[in-house]
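Have a look at the structure below, then the notes.
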Amino acid sequence: MTEVDTTVVTTVTEPSVRESGVLVRVRSRLPEFTGALQRVAEQVLADPAVAARSTIVELAERSGTSPATVTRFCRALGFEGYADLRLDIAAETGRARAAGWTVDIGREIQPSDPLDRVLDQLMAADTRAMQDTAALLDLAEVGRAAAAIATADRVNIFGASGSALVGGELQFSLHRIGVPAWAWSDVHNGLASAALMRNGDVALGISHSGQTRETIEMLAEAGSHGATTVALTSFPRSPLAELADIVLLTATQATTFRPDALSARHPQLVVLDLLYIAVAQRTTERSHAAFQRTARAVDGHKGRKE
């Protein structure tokens, strides 16, 4: 006997998300689904190729739900019905096969696997994550963030754990082109710095889940003093995203020993590299001058050529 799902889901179609791959949308909405709807989502993500071949009754049986629940799941993603969902999943898995991504994606890495197979799986997963991120990312939002950073008197970058490492990369890059940027991982120091921000400053919070309390607190403090707030996250309806003025989205492809939070690093770095280049494009003369001065400053520490 299948469980009847009584969850009411409001369909919200966001242009940037609606146009991206269906599996990215399912993954990004997963935390919102509960009960039977969540089981349908997990079944689709576990084996998209099988889902594309299944009837609505078969997918309901595999997920332990009902055809009515599957229909509600489709509508929550912006589809008229199950037929449209199947077509999109089939098209996406077909593109993945053509790109050579399906060999290892979703397969568990075994302790006995040779490194060449592990490398193939990592490359496939990261390639897929990069492609999904490119489809998900709203370039207009990147442009807005870059324009704000290019004219900011101060840029604060907030993140914890692995997100702090990614934030440090952006801080280093911005400093090299003369942008006054600081990266904060300690919440006390971050809150103190956020409290000194004002209109015209930019605060960027990085969190894959968008639920890291410390990062949310620091970004909220910066925003309360007039700073433009930017969120880099994989979940468009997370608390961090809801708080921010500008949201930059990433996609992930987890593998064994590399859950979503760890798998998010490369897509995050790609988005932040794009953001950095967009800032440099808007500050060309200052950036070139800064590169020359910083290169001269460290030139004496490079090995001499014979």
Side-chain angles (χ1 to χ4, degrees), residues 7-35 37-38 41-42 44-45 73 76-78 129 132-142 144-145 156-167 170 184-185 187 190-191 194 202-224 227-254 258-272 274-275:
T7 304
V8 177
V9 177
T10 302
T11 300
V12 179
T13 304
E14 300 175 12
S16 62
V17 176
R18 180 65 184 88
E19 293 166 6
S20 64
V22 60
L23 299 180
V24 179
R25 302 208 304 277
V26 174
R27 197 175 294 112
S28 69
R29 299 287 299 275
L30 189 59
E32 301 172 36
F33 297 136
T34 59
L37 286 174
Q38 188 176 72
E42 290 172 345
V44 169
L45 292 174
F73 172 76
L77 293 173
D132 287 347
T133 295
L136 196 63
L137 191 61
D138 187 336
L139 295 180
E141 291 288 270
V142 177
R144 285 182 60 206
N156 272 338
I157 304 164
F158 305 120
S161 189
S163 295
L165 299 177
V166 174
L170 177 62
W184 305 99
S185 58
V187 67
L191 285 172
V202 176
L204 169 64
I206 304 172
S207 170
H208 159 66
S209 67
Q211 299 185 33
T212 305
R213 188 180 66 182
E214 294 84 354
T215 304
I216 294 170
E217 289 178 356
M218 291 185 283
L219 197 67
E221 180 69 23
S224 71
T228 298
T229 53
V230 183
L232 178 65
T233 180
S234 299
F235 296 95
R237 292 173 178 80
S238 63
L240 186 70
E242 295 288 347
L243 172 68
D245 300 314
I246 300 170
V247 179
L248 308 180
L249 294 176
T250 57
T252 62
Q253 191 67 240
R258 248 191 5 160
D260 280 343
L262 293 179
S263 301
R265 288 176 301 178
H266 291 155
Q268 286 173 342
L269 285 170
V270 167
V271 174
L272 293 180
L274 178 64
L275 178 61

[atom1]/[X] to [atom2]/[Y] distance, rounded to the nearest 0.5 angstrom?
X      : Y      : atom1 : atom2 : answer
Glu214 : Leu191 : CD    : CG    : 9.5 Å
Leu23  : Leu77  : CG    : CG    : 10.0 Å
Gln211 : Phe235 : CD    : CZ    : 8.0 Å
Gln268 : Ser234 : CD    : OG    : 6.5 Å
Thr215 : Leu232 : OG1   : CG    : 11.0 Å
Leu170 : Ile206 : CG    : CD1   : 6.5 Å

Open item on the list: Under the rule for salt bridge (Lys or Arg N to Asp or Glu O under 4.0 Å), what residues qualify as partners of Glu217, not counting sequence neighbours?
Closed with: Arg213

Donor-acceptor pair, [X] side chain versus [Y] backbone, under 3.5 Å?
X      : Y      : result
Glu141 : Leu248 : no
Thr233 : His208 : yes
Arg29  : Ala76  : yes

Is there side-chain contact between [X] and [Y], with at least one heavy-atom pair below 4.5 Å?
X      : Y      : value
Leu243 : Ile216 : yes
Glu221 : Ser224 : yes
Leu137 : Leu274 : yes

Which heavy atom of [X] sits nearest a heavy atom of [Y], and at what distance?
X      : Y      : result
Arg237 : Glu242 : CA-OE2, 3.8 Å
Ala227 : Asp245 : O-OD2, 3.9 Å
Ala203 : Ala222 : CB-CB, 3.5 Å
Arg27  : Thr252 : NH1-O, 3.5 Å
Ser163 : Ser207 : OG-CA, 3.8 Å
Gly159 : Met218 : N-CE, 4.4 Å

Task: All side-chain contact (heavy atoms from CB on, under 4.5 Å) counterparts of Thr133, not counting sequence neighbours - done: Thr250, Ala251, Pro267, Val271

Task: Test side chain to side chain contact (heavy atoms under 4.5 Å, CB included) applied to Val202 and Val230, Ile157, Ile246, the passing residue - done: Val230

